[in-house]
Amino acid sequence: MLAQQGRVHVIDHPLVQHKLTMLRDEQTGPKDFRDLMDEIAMLMAYEVTRDTATAPVEVKTPVGIAQGRVIAGKKLAVVAILRAGLGMLGGVLRLIPAAKVGHIGVYRDPETLAPVHYYCKLPQDIHERDVIVIDPMLATGGSAAAAIRFVKEQGGAQIKLLALVAAPEGIARVHGEHPDVPIYVAAVDERLNEHAYIVPGLGDAGDRLYGTR
Ligand code: PRP
Ligand code: URA
């Protein structure tokens, strides 16, 4: 289920929304937080890949010949923004097990909020693949915009961004810098607070995933 809010695809499937609500709950500990993020990412991957090209094939059943369809066209790469994007990776790969995986290390400088880049390893053939960049939080949009820039610099052209919770500011920034990149989210929240955390959001995704706070 997909609702178009402006230029963003909001995946409002009841299962996604139920699990997101549990994920937001401050009482949810790291184990359940990891499990929920993994499940939400898998469900969202189903919608993000909805426009995947298929080709007709015939298949012989025990009873006759069926006209079927199989996935065709370009292969996929999934690019996780470290650290919190790793929390979504397993779920996405369960649906798309043949995807190649890239990693981009970016964190927000706590003072300036600017993205600090420390790692980038992408599949060599990324220019031949459709790319899904994953990160649960789209706050100022600095990290996602930078990651998409690295993917483009290495030849990636067909790129989608998959996040769980977005602030309007982050959506505006990514759309401003990368108008060609569709954004898929489970929720668009109200705003950023004075520390550029999403309100109400779910807190610091990396710290909640890994229990580092
Ligand atoms: C979080 C999150 C995004 C970024 C979003 O990462 O996972 O990458 O913040 O904020 P932005 O839209 O304002 O750039 P963080 O910087 O906390 O790094 P971590 O995942 O390594 O903890
Ligand atoms: N990063 C997070 O993990 N959470 C926010 O709310 C903003 C940035």
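First listed ligand is number 1; within each ligand, the first listed atom is number 1. Only a predicted model underlies this, so the values are computations on that prediction, with no experimental measurement involved.
- The two atoms that bring Ile104 and Phe150 nearest to each other are CG2-CD1, 3.8 Å, heavy atoms only.
- Across Ile81, Leu86, Leu122, a single residue satisfies side-chain contact (heavy atoms from CB on, under 4.5 Å) together with His103, and that is Leu86.
- In this structure a side-chain-to-backbone donor-acceptor pair under 3.5 Å is missing from Asp125 to Glu128.
- Scanning both residues, Ala84 and Ala205, for their nearest heavy atoms gives CB-CB, 3.9 Å.
- A parallel orientation is assigned to the rings of Tyr184 and His9, their planes being inclined by less than 30° (bins at 30° and 60°).
- With sequence neighbours excluded, the residues satisfying side chain to side chain donor-acceptor pair (under 3.5 Å) with Glu39 are Lys19.
- The pair Glu169-Arg173 does not meet the salt-bridge criterion, since no charged nitrogen lies less than 4.0 angstrom from a carboxylate oxygen.
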Are there any N/O pairs under 3.5 Å between ligand 1 and the protein, and if so, what are their distances?
| residue | atom | partner | partner atom | Å |
| --- | --- | --- | --- | --- |
| ligand 1 | 7 (O) | Asp135 | OD1 | 2.9 |
| ligand 1 | 8 (O) | Asp135 | OD2 | 2.4 |
| ligand 1 | 12 (O) | Ala139 | N | 2.9 |
| ligand 1 | 12 (O) | Thr140 | N | 3.1 |
| ligand 1 | 12 (O) | Gly141 | N | 2.8 |
| ligand 1 | 13 (O) | Arg108 | NH1 | 2.8 |
| ligand 1 | 13 (O) | Thr140 | N | 2.9 |
| ligand 1 | 13 (O) | Thr140 | OG1 | 2.5 |
| ligand 1 | 14 (O) | Ser143 | N | 2.9 |
| ligand 1 | 14 (O) | Ser143 | OG | 2.6 |
| ligand 1 | 16 (O) | Arg108 | N | 2.9 |
| ligand 1 | 20 (O) | Arg83 | N | 3.1 |
| ligand 1 | 20 (O) | Ala84 | N | 3.3 |
| ligand 1 | 21 (O) | Arg83 | N | 3.2 |
| ligand 1 | 21 (O) | Arg83 | NE | 3.2 |
| ligand 1 | 22 (O) | Arg83 | NE | 3.2 |
| ligand 1 | 22 (O) | Arg83 | NH2 | 2.8 |

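- Residue-level contacts of ligand 2 at the 4.0 Å heavy-atom threshold are Arg108, Met137, Ala139, Ala196, Tyr197, Ile198, Gly203, Asp204, Ala205.
- Pairing each heavy atom of Glu177 with each of Ala145, the nearest pair is OE1-CB, 3.5 Å.
- Qualifying side chain to side chain donor-acceptor pair (under 3.5 Å) partners for Arg34, counting only residues two or more places apart in sequence or in other chains: none.
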